[in-house]
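Working notes, structure below.
Note that the structure is predicted; figures quoted are calculated from it, not measured. All chains are named by letter (A, B, ...) in the order of the sequence lines, taking the proteins before the strands, and each is independently numbered beginning at 1.
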Amino acid sequence: MPRSADPANPPRPDPSRPVPASRSAPDPGALLAWYDRHRRRLPWRAEAGVRQDPYRVFLSEIMLQQTNVVTVTPYYAAFLARWPTVAALAGAPLEDVLSAWAGLGYYARARNLHACARAVVERHGGAFPDTEAALLELPGIGPYTAAAIAAIAFERRAAAVDGNWERVIARLFAVEEALPKAKARLRALALTLLPSSRHGDFAQAMMDLGATLCTPRKPACALCPWRTNCAAHAAGAPERYPVKAAKAARPTRQGVAFLAVRADGAVLVRSRPPRGLLGGMSEVPSTDWIEGGPADPALAAPMALEWQPLNATVGHVFSHFALELAIWRARAPAVTPAPAGHRWVRPEGFDAEAFPSVMRKVLEYIG
DNA sequence: CAGTCGTGGAA
DNA sequence: TTTCCAAGACT
């Protein structure tokens, strides 16, 4: 391959800059040796040299998407205790899965987790397929997760390129192209790093490296097994990589939540539409959430009661907008029937409901 | 392909 | 307080 895209105008050495010392290619063996000494013990990780149950790899990988280890840990333990096998999870009602997932965020993951378990049972007889391509066909399993399961559970040679890999590779090769456009280039570079054995260990070693040494801020380059192979380190600017595109500003939307409290303490609740924001989750009835707020909130009240605006606002930040939710509260008689599509839920039943975090904040105002 | 889709912790 | 960030997938 030519060094320049333009053969008529080949790049010329810049005399004002010294030619950088050539770096040898990163050796996967060096990373694996580091991993053998420093591998983290995590609840979903098998002992060294032992292949992990594909279901456990699957469950942990879905939960870990865009979510910290510390946050995932208790959810992983609860799911594994309640649904120890993919067949058990497939047999559960979706509402149970959603309520167990409540608080973890990105609720499409819970819907897809459940759909995937059912697909594994129905299409594959309850055993996860053991190739990256077949895994990729399952709901909720994308390029990263397919490669991670294939490598960790089945010892397939696959590049499980996650945010850690991207950061490590961007630094190793000083990739100037900005994410997310750079994803294809980073993946191509990742494929050049793969070892010829220990594929599961290598996938996890890359993640450990990114999580413990090659961190976004203040990377511990002095301890890195690939220190001498790293272009960003050689340039003295590891934190400059990966380059990222600017993010869009986050607008603020307003709404009003209607907190109807029955004489016995029950609260009026409904379920959100099955897809989209907080899809399938439980909620206190509210107006639409829109920039500038609803013109006439009273029109959205779930039933005719004496609604009292509280001097309180619930603030919550979603991934792509912030929400300010005013609280209107009303007391309802003991025998008030629930309007169509709604139900009364007493506080003892809250744990069985799929209340996302924003709704748990609203429910603090029961009074 | 850029927008959608949560949450809580750290700096 | 604000910003960024964490083992991404789907449309």
Side-chain angles (χ1 to χ4, degrees), chain A residues 40 42-45 52 56-76 98 101-113 115-116 135-153 158-168 178-181 183-184 186-187 190 200 202-212 214-218 239 242 244-253 272-281 283 289 315-323 354-361:
Chain A
R40 293 181 296 169
L42 299 169
W44 39 87
R45 210 171 252 187
Q52 180 59 290
R56 297 187 186 208
V57 179
F58 159 71
L59 181 60
S60 65
E61 291 301 343
I62 300 297
M63 287 186 166
L64 286 161
Q65 288 168 10
Q66 300 292 285
T67 310
N68 292 308
V69 164
V70 181
T71 304
V72 164
T73 297
Y75 285 87
Y76 175 79
L98 289 178
W101 194 278
L104 197 50
Y106 282 146
Y107 297 101
R109 291 184 298 168
R111 288 180 259 129
N112 287 331
L113 179 87
C116 184
L135 287 161
L136 198 50
E137 296 300 311
L138 293 166
I141 295 184
Y144 162 74
T145 305
I149 298 174
I152 297 169
V161 181
D162 71 331
N164 290 302
W165 284 54
E166 289 179 343
R167 185 170 56 257
V168 169
L179 285 169
K181 279 190 166 182
K183 280 179 177 294
L186 293 170
R187 177 171 183 80
F202 185 77
Q204 295 173 93
M206 286 288 279
M207 294 187 242
D208 277 14
L209 182 68
T212 64
C214 196
T215 49
R217 290 177 294 268
K218 300 189 183 305
E239 293 191 70
K244 295 193 173 185
K247 296 169 188 164
R250 180 152 42 202
T252 299
R253 302 180 188 174
R272 293 179 61 85
R275 272 173 285 281
L277 183 71
L278 307 177
M281 303 295 286
E283 70 171 358
W289 304 342
H316 193 75
V317 180
F318 293 95
S319 46
H320 59 295
F321 68 93
L323 177 65
F355 288 124
S357 292
V358 61
M359 289 302 152
R360 295 183 187 187
K361 292 181 187 175

Short side-chain N/O contact from A:Ser357 to OP1 or OP2 of B:dG8, under 4.0 Å: yes

Shortest non-hydrogen contact from A:Trp289 toward A:Arg253: O-CD, 3.4 Å

5' precedence on DNA chain B between A:Lys361 and A:Pro180 (nearest-nucleotide basis): A:Pro180

Candidate pair A:Tyr76 and A:Leu104, rule side chain to side chain contact (heavy atoms under 4.5 Å, CB included), full reasoning: CA-CA 11 Å; A:Tyr76 175 79; A:Leu104 197 50; over 6 Å; no

Whole-Å gap separating C1' (B:dG6) and CZ (A:Arg360): 12 Å

Straight-line distance of A:Gln204 CD to A:Ile152 CD1, nearest 0.5 Å: 4.0 Å

Interatomic distance, A:Leu104 CG vs B:dG9 P [rounded to whole Å]: 13 Å

Reported CH2-to-CG distance for the pair A:Trp165 and A:Leu186, which is rounded to 0.5 angstrom: 12.0 Å

Sugar-phosphate only, base, or nothing, as touched by A:Val317 at under 4.0 Å among non-hydrogen atoms: base

Whole-Å P distance, C:dA7 and B:dA10: 15 Å

Rounded distance (Å) that lies between atom C1' of B:dC5 and atom CG of A:Leu98: 14 Å

Interatomic distance where CZ belongs to A:Arg253 and C1' belongs to B:dG3 [whole Å]: 11 Å

Check: A:Gln65/A:Arg109 side-chain N/O donor and acceptor closer than 3.5 Å: no

Any A:His316 side-chain N or O less than 4.0 Å from OP1/OP2 of B:dT7: yes

Separation of atom CZ in A:Phe318 from atom P in B:dT7, rounded to whole Å: 6 Å

Length of the line joining A:Met63:CE and B:dG8:C1', which is rounded to integer Å: 16 Å

Short side-chain N/O contact to B:dC5 OP1/OP2 from A:His320, under 4.0 Å: yes

Nucleotide-resolved protein contact map, nucleotides 1-11 of chain C, B/S/- at heavy-atom distance under 4.0 Å: ----SBBBSS-

Distance in Å, A:Arg167 CZ paired with A:Asp162 CG, rounded so as to fall on 0.5 Å steps: 8.0 Å

Nearest-angstrom distance from the residue atom CZ of A:Phe321 to C1' of B:dG3: 13 Å

Between B:dC1 and C:dC10 - C1' atom distance, rounded Å: 12 Å

Nearest heavy atoms of A:Ser357 and A:His316, plus distance in Å: CB-CE1, 3.8 Å

